[in-house]
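Read the structure below first, then the notes.
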Amino acid sequence: MGKGNYFQPEIECASPEVIRAMQDERLRDTVRRVYDSVPYYRNLMDERGVKPSDIGGVADLHRLPFLTKDDLREAYPYGMLARPLEDCVRIQSTSGTTGKRVVAFYTQHDIDLWDECCARAIVAAGGTKKDVVHVCYGYGLFTGGPGLNGGSHKVGSLTLPMSSGNTDRQVQFLCDLEATILCCTPSYAAYLGEAVHEKGLRDKIRLKAGIFGAEAWSEEMRRDIEKSLGIKAYDIYGLTELSGPGVSFECSEQSGMHINEDHFIAEIIDPHTGEVLPDGERGELVFTSITKEAFPLIRYRTRDICVLSRKPCSCGRTHVKMSKPMGRSDDMLIVKGVNVFPSQIETVLIRHGYPANYQIVVNRVKNSDTLDVHVEMTSEMFSDSMGAVAAREKELVDALKSMLGIYANVKLVAPKSITRSEGKAVRIIDNRKLY
Ligand code: DLL
């Protein structure tokens, strides 16, 4: 696997029968491997009374137990490893507290396949080795930077490992190196677009395409970004647990993301009953990885609500398409591309002596997310001076930044001023029209 054009028609355009046969074989192998090498899986399967020999192929998938983030947390850090540690060369991790953190492991083979998935996404967006790919997803534990970076190398494009932040430098490199493909979160793409216009540098931009994901974005936002940067904007989806970006990606049709079915089997389930739903119905997306060595996942519940479609696609790819995620079946928010659980915010507040009366307000202002946390003070705190209240707010801002990795604007409010609900507390007000 060297430099080259990573459109792989023999796989990406294979007939559904060929893909199914490949999935059957790879699934049998994966199930056998995890049963033999991961005690956690063996227990789950034994509890269900399923043996590897019961799984002949995809048609038997429903017999296997689901896996959730809680399982991964329980097995943290090494409990889900299917290969000896000495065979692993990398970890990546989701954002979050120690309690919420999920660590995924990769062998070199896993990295190669992940890069290949991202290379397919870049090629589907028109990328070739003549392109200059500007990657300003975060690098480090987050999968965005390393994933698109690896994909761009595979395609043979000149790769700019910019990482996130320092917008002036981003704009300067975009102009000076005449980048043709931009990879970042859609919010940051919108922000870069504004910065380019403010600096009067629109004429210096040579971008033709953008590959944007890691958070929900609307068709309206797509049009804004396309207009502002003069590009075609493509969606890309993925999650750390399954390797990162590149689980699925948009093609020229821009109507749903092709799932790399030679690596992942997708199912849609009813999030309440776990029942498998037919293609075309809306439900929770569940993935089984069938080529990963170090950290294979079987029937992993993503909590993303989607629809799958097998309608023929004008690009010629036959792999099933998923819609843009339409919501989540848990309370996770994605703010500025960072996964935020309300429970993380609550933990910080309680640690600092606040009652659990708070409200999280998320807005999208000019295509960029803002996070506000309104917290009720205790009556003792309420009698503090204005200066003392400001100091308390600053303390919470810092603590939240260190817990979440992003800035949250904290406002301390009077005791009992947050409206009480008769049913469940309304802790989250998400004013973004994302889905
Ligand atoms: O966000 C991986 C990624 C990086 C994807 C760069 C695309 C581009 P996590 O941080 O583990 O991984 O977050 C995974 O983000 O379950 C979805 O809820 C959400 N998500 C990812 N891509 C999209 C997208 C990366 N294109 C979680 N649209 C997933 C909407 C997305 N939501």
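As the structure lists them, so they are numbered: ligands from 1, and atoms in each ligand from 1.
Counting heavy atoms only, Asp304 comes closest to atom 16 (O) of ligand 1 of the residues Ile334, Val338, Leu239, Asp304. Selection from Gly238, Ala214, Gly147 by nearest heavy atom to atom 14 (C) of ligand 1 gives Gly238. Here the shortest heavy-atom distance to atom 32 (N) of ligand 1, taken over Glu215, Gln92, Met257, belongs to Glu215. Ranked by closest heavy atom to atom 10 (O) of ligand 1, the top entry among Asn339, Thr94, Thr302 is Asn339.
Sequence neighbours left out, the pairs with a member in residues 217-276 that pass ring pair (Phe, Tyr, Trp, His ring centres under 6.0 Å) are Phe212-Trp217.
Looking at Thr240 next to ligand 1, an N or O pair under 3.5 Å apart turns up.
Between the side chains of Asp71 and Tyr41, no donor-acceptor pair is found at a separation under 3.5 Å.
Heavy-atom proximity to Pro325, at under 4.0 Å, picks out these atoms of ligand 1: 28 (N), 30 (C), 32 (N). In the vicinity of Asp235, heavy-atom distances shorter than 4.0 Å reach the ligand 1 atoms 24 (C), 26 (N). Near Thr143, the atoms of ligand 1 lying under 4.0 angstrom from a non-hydrogen atom of the residue are 2 (C).
The neighbour count for Phe66 CZ, taken as heavy atoms of other residues, nucleotides or ligands under 6.0 Å away, is above 12.
In this structure the side chain of Ser187 reaches within 4.5 angstrom of the side chain of Met221, judged on heavy atoms.
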Which is it for Ser255 and Lys321 under the side chain to side chain donor-acceptor pair (under 3.5 Å) test, yes or no, and what are the steps along the way? CA-CA 8 Å; Ser255 62; Lys321 276 188 191 171; 3.1 Å; yes
Under the side chain to side chain contact (heavy atoms under 4.5 Å, CB included) rule, what do Glu226 and Gln254 come out as? Steps first, then yes or no, please. CA-CA 12 Å; Glu226 290 190 330; Gln254 292 177 303; 3.0 Å; yes
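A side chain to side chain donor-acceptor pair (under 3.5 Å) with Asn260 is found for one member of Glu116, Glu12, Arg120 and no other, namely Arg120.
Using a 4.0 Å cutoff on heavy atoms, Arg328 counts as a contact of ligand 1.
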